[in-house]
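Right, one structure below, let's go through it.
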2 protein chains.
Amino acid sequence: MKYPLVDFPKPLTTVDVVIFTVQEGQLQVLLVRRPDATTEPFPNAWALPGGFVDIDKDASLEACARRKLLEKTGVKTPYLEQLGSWGNSTRDPRGWAATHAWFALLAPLALSLNSDATSQAAQWHAIDERSPRKKLAFDHREILQAAVKRLTSKVEYTSLPAFLLPEPFTLPQLQKAYEAVLRRPLDKSGFRTRALAANFLDETGFMDVGAPRQAMGYQIRDRNQVVYFPRTFGARSEGT
Amino acid sequence: MKYPLVDFPKPLTTVDVVIFTVQEGQLQVLLVRRPDATTEPFPNAWALPGGFVDIDKDASLEACARRKLLEKTGVKTPYLEQLGSWGNSTRDPRGWAATHAWFALLAPLALSLNSDATSQAAQWHAIDERSPRKKLAFDHREILQAAVKRLTSKVEYTSLPAFLLPEPFTLPQLQKAYEAVLRRPLDKSGFRTRALAANFLDETGFMDVGAPRQAMGYQIRDRNQVVYFPRTFGARSEGT
DNA sequence: GAAATAGTGTCTGTAAGACATTATATT
DNA sequence: AATATAATGTCTTACAGACACTATTTC
């Protein structure tokens with residue numbers, strides 16, 4: 001090695017992923033149970049999926065986040081965005097720790113979640129009121145709140161909720177996804193004009209969704225691109 | 001200690017700060033020179049101010065960022081926001097490294113920058129075209145680009161540029177700060193209506209700025225709050 | 001009073017909000 | 001035919017863009 005070893009004490013480095021979906025008209029987040037061992041902090045508590053960065057397995061932080069995601073959900077290419085980092089001397093009893101938090105948007109999973117043997121029990125939890133009721137391990141409650149805030153804020157002016165639905169979906173379904181995240185009803189006419197004008201959907205033909213009348217099915221035109229609307233819903237200036 | 005020691009290899013953890021100001025009608029960023037020693041990576045190259053997290057000195061990532069900022073500029077309470085993190089096995093020749101990047105907005109500094117003995121030479125660099133010409137150490141060019149993008153994007157619909165000016169300032173001065181960041185002229189009438197309607201400024205009385213006519217001076221009403229405008233300038237939907 | 005800068009007024013265009021209406025399917 | 005849902009139309013409102021205009025100071 002060309003450079004002298006850096007051998008002073010280093011913080012612990014972890015990655016956590018806030019995984020959202022919409023199911024039964026509600027925004028849901030995936031949580032896992034901490035192992036039930038007294039050698040581990042927060043035994044048995046609910047926590048965000050995540051863990052230490054493995055400098056041998058993980059080429060990058062994003063790769064690490066995708067690995068956690070794949071382990072828990074089996075999904076390879078969801079919407080994935082960096083949320084921020086939380087690091088201080090007190091959040092982990094094992095020492096100075098910094099976590100890199102990401103958030104992911106997924107269509108509801110058909111498969112069973114706890115299928116793989118290596119993973120702890122994973123379960124969807126509805127986001128009620130302004131945050132989940134439960135106490136979470138570490139500072140995960142704060143991270144989850146930040147994720148919900150970021151998501152709600154971006155949903156006001158982006159196409160993000162489309163990533164929460166299985167394709168193809170109808171405009172009424174998409175509107176319900178927006179309403180689930182925003183926790184308020186939207187006007188149908190305005191919503192449709194706006195969604196279609198934004199030009200991020202492709203028609204897939206009429207679908208029968210068990211409704212009295214058939215509706216047009218749509219899919220996302222480019223899953224690598226989020227569309228920004230010219231204005232925010234409600235035009236109530238809000239914080240990011 | 002209650003828990004078994006975590007003693008597998010850990011990534012290096014650093015913090016970098018992208019410090020912006022507006023001077024001479026241009027957006028500027030503060031860069032430092034890497035030490036001129038072959039035992040250090042990127043000797044003599046320009047880099048963002050930053051360095052290793054010191055788990056004894058720094059209570060948190062933000063505290064670490066503020067420490068770096070204070071060391072380089074002497075400024076204690078600028079606008080400071082988390083930008084994101086960059087971590088992989090290749091960005092630092094010394095090993096797997098993750099940096100937590102922040103960006104700060106400052107009024108131009110009257111004081112000399114390189115005053116303290118412990119710090120390397122620091123210097124303002126204009127941001128030209130879409131990024132600085134110079135090669136920077138590590139992946140700092142990418143981080144700087146992300147910071148510029150984030151700043152420009154937010155300036156379209158927030159009061160951020162007010163933090164780049166010394167108080168009190170006039171509306172024409174504030175408009176020039178917006179124009180410097182956005183690199184395009186704005187309409188005076190629209191700008192004024194919008195800035196005043198956003199209600200984040202307090203009048204401080206008329207000022208003589210060497211212009212033929214006096215102008216009203218303003219200061220930021222609440223330096224802890226950024227105001228979001230109801231629409232974006234230009235209404236051209238842009239990425240974040 | 002000429003020049004330069006500060007500040008105002010007016011008209012237009014775009015897109016969202018509210019709400020009424022039409023269209024198509026099932027029972 | 002009644003009903004539930006999909007889709008469209010109309011009117012209003014909010015606010016930015018363009019551009020012309022007035023006001024105040026220095027020379």
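All chains are named by letter (A, B, ...) in the order of the sequence lines, taking the proteins before the strands, and each is independently numbered beginning at 1. Quick caveat: nothing in here was measured; it's all calculated off a predicted structure. The basis for the numbers below is simple: all heavy atoms, side chains too, and nothing from hydrogens, waters or symmetry mates.
Among the nucleotides D/dA18, C/dA18, C/dA16, the one closest to any side-chain atom of B/S189 is D/dA18. Taking the side chain of B/A211 as heavy atoms from C-beta on, and the options C/dT5, D/dA7, D/dT5, the nearest nucleotide is C/dT5. Picking from C/dT26, C/dT14, C/dA16 the nucleotide with the shortest atom distance to the side chain of A/R194 gives C/dA16. Of all nucleotides listed (C/dA6, D/dA18, D/dT25), D/dT25 comes nearest to the side chain of B/Q214.
Under a 3.5 Å cut-off, the side chain of B/Q175 and the backbone N or O of B/L186 do form a donor-acceptor pair. Of the possible donor and acceptor atoms, none in the side chain of A/Q26 sits under 3.5 Å from a partner among the backbone N and O of A/A180.
Remark: C1' of D/dA7 and CG of A/L201 are 15 Å apart, rounded to the nearest angstrom. The CE atom of B/M216 sits 7 Å away from the P atom of C/dG7 (whole-angstrom rounding). With rounding to whole Å, A/F233 atom CZ is found 12 Å from C/dA18 atom P. Straight-line distance from the CZ atom of B/F206 to the P atom of D/dT26: 13 Å, rounded to whole Å. Rounded to whole Å, atom C1' of D/dC19 lies 18 Å from atom CZ of B/F191. In this structure, A/Y157 atom OH and C/dT14 atom P are separated by 24 Å, rounded to whole Å. The interatomic distance linking B/Q175 (CD) with D/dA16 (C1') rounds to 14 Å, in whole Å. In this structure, the CG atom of B/D187 is 16 Å from the P atom of C/dC11, given to the nearest Å.
Checking the phosphate oxygens (OP1, OP2) of D/dA4, no side-chain nitrogen or oxygen of A/R213 falls inside 4.0 Å. Contact annotation: A/R192 side-chain N/O to D/dA7 OP1/OP2 distance is under 4.0 Å.
The aromatic ring centres of B/F233 and B/Y157 sit 6.0 Å or more apart.
Between B/F138 and B/H140, the ring planes lie tilted relative to each other; the angle falls in the 30° to 60° range.
With hydrogens and angles left out, the side-chain atoms of B/S85 and B/H100 include no donor and acceptor closer than 3.5 Å.
Residues B/R231 and B/V209 both approach DNA chain C. Their nearest nucleotides, taken by heavy-atom distance, put B/V209 toward the 5′ side.
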